[in-house]
Amino acid sequence: MASGSRSSQRRHVSSAKAKTGTGAKGAYGGQAYIHGSTAHAVREAQPVPRQKDRDVKERYRRVNSKIKKNQQKALRIDLPYLVLLVAASFCTLFICISYLQVQTTMTRRMDRIEKLEKDLDSLKAENDIAQTRINTSIDLDYVYKVATEELGMVYAGKNQVRMYHQTESEFVRQYEDIPTY
């Protein structure tokens, strides 16, 4: 029985060490060895935060705060930026309105030109009709009869007609009277 009491003493001591957190460290990081043949409830060991993890978290927190500050600064609209934005908006609006006015003026002028061209075509058609009416209304036999009988006109003879050949341009300018022979 001596061996049994020794085993129970070990169990008692090791459970006391396990409860207080003192005792030998095992391969499972922070769990105490339990001596004896009975299994005790295993407590979850709290992982000890390592210094490297703390440094990474601190750096991440600092970077996040810088990012948040930059985002807030970027979202703020300061006075010079606002003035520039308003000026650019007014310039764009002015250019758009000017463009629309020019476009409207050009459209009106094109419509007016089309109307004037239609009027010109109709006037040319009326003129052609009037010219045709005039040409058909003239009786050439009557004109010949009046010219020869009443006015005493005669046809020119061959020796009275002179031909003129021009080489420089298509029209003739008369600077002096035509000579008589």
Side-chain angles (χ1 to χ4, degrees), residues 28-29 44-181:
Y28 297 105
E44 288 292 322
Q46 296 291 332
V48 178
R50 293 184 290 177
Q51 183 64 29
K52 185 177 179 181
D53 290 342
R54 279 187 238 145
D55 290 344
V56 169
K57 287 180 182 178
E58 180 65 27
R59 194 175 317 131
Y60 181 72
R61 188 179 58 77
R62 274 188 267 139
V63 169
N64 272 349
S65 66
K66 286 182 182 178
I67 290 173
K68 285 180 183 178
K69 286 179 185 177
N70 285 341
Q71 285 175 345
Q72 289 172 352
K73 187 177 180 181
L75 291 177
R76 270 188 273 138
I77 298 176
D78 52 348
L79 185 62
Y81 179 74
L82 181 65
V83 168
L84 183 66
L85 184 65
V86 169
S89 298
F90 279 125
C91 287
T92 305
L93 183 65
F94 177 74
I95 290 171
C96 289
I97 289 173
S98 298
Y99 174 76
L100 289 175
Q101 286 177 344
V102 167
Q103 190 74 17
T104 304
T105 304
M106 200 150 87
T107 304
R108 284 183 191 155
R109 287 182 181 172
M110 293 298 290
D111 291 341
R112 185 156 187 253
I113 288 171
E114 287 178 14
K115 182 182 176 268
L116 291 173
E117 284 177 349
K118 286 180 183 177
D119 291 346
L120 179 66
D121 289 340
S122 66
L123 289 174
K124 281 183 179 180
E126 288 176 16
N127 194 18
D128 289 342
I129 291 170
Q131 185 69 33
T132 306
R133 209 176 310 134
I134 291 171
N135 289 339
T136 56
S137 70
I138 297 175
D139 185 16
L140 295 179
D141 292 332
Y142 175 74
V143 171
Y144 177 77
K145 183 179 177 183
V146 169
T148 55
E149 292 176 6
E150 293 178 17
L151 300 174
M153 296 179 88
V154 291
Y155 277 108
K158 283 192 174 195
N159 60 355
Q160 292 177 332
V161 176
R162 294 196 184 185
M163 300 300 286
Y164 176 77
H165 298 287
Q166 185 167 352
T167 59
E168 294 178 16
S169 64
E170 296 180 6
F171 62 92
V172 177
R173 289 189 184 158
Q174 183 177 347
Y175 293 109
E176 54 188 51
D177 291 333
I178 298 173
T180 58
Y181 291 97

> Mind checking the OG1-CG spacing from Thr132 to Asn127? Nearest 0.5 Å is all I need.
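These two atoms lie 9.5 Å from each other.
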> Measure the CG-CG distance between Asn135 and Asp128 for me, rounded to the nearest 0.5 Å.
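Here the interatomic distance stands at 10.5 Å.
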> Can you spot which of Ile138, Val146, Leu140 makes a side-chain contact (heavy atoms from CB on, under 4.5 Å) with Tyr142?
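Result for side-chain contact (heavy atoms from CB on, under 4.5 Å) with Tyr142: Val146.
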> Using 0.5 Å steps for rounding, measure from the CD atom of Gln131 to the NZ atom of Lys124.
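One finds 14.5 Å between CD of Gln131 and NZ of Lys124.
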> Calculate, to the nearest 0.5 Å, the distance between atoms CG and CG belonging to Asp111 and Leu116 respectively.
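Atom-to-atom, Asp111:CG and Leu116:CG are 11.0 Å apart.
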> Backbone N or O of Gly157 within a donor-acceptor pair of the Gln160 side chain at under 3.5 Å?
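Yes, Gln160 side chain to Gly157 backbone: donor-acceptor pair under 3.5 Å.
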> Just to verify, what does Lys115 make a salt bridge (Lys or Arg N to Asp or Glu O under 4.0 Å) with, not counting sequence neighbours?
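Testing Lys115 for salt bridge (Lys or Arg N to Asp or Glu O under 4.0 Å), a comparison that skips the adjacent residues, returns Asp119.
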> With a 3.5 Å cut-off and sequence neighbours excluded, list the donor-acceptor pairs that the side chains of residues 78-98 form with protein atoms.
{"residue": "Ser89", "atom": "OG", "partner": "Leu85", "partner atom": "O", "Å": "2.9"}
{"residue": "Thr92", "atom": "OG1", "partner": "Ala88", "partner atom": "O", "Å": "2.8"}
{"residue": "Ser98", "atom": "OG", "partner": "Phe94", "partner atom": "O", "Å": "2.9"}

> Just verifying a value: how many Å separate Arg112 CZ and Arg108 CZ, rounded to the nearest 0.5 Å?
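Result: 12.5 Å between the selected atoms.
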> Can you tell me how far the CD1 atom of Ile113 sits from the CE atom of Met106, to the nearest 0.5 Å?
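It comes to 10.0 Å.
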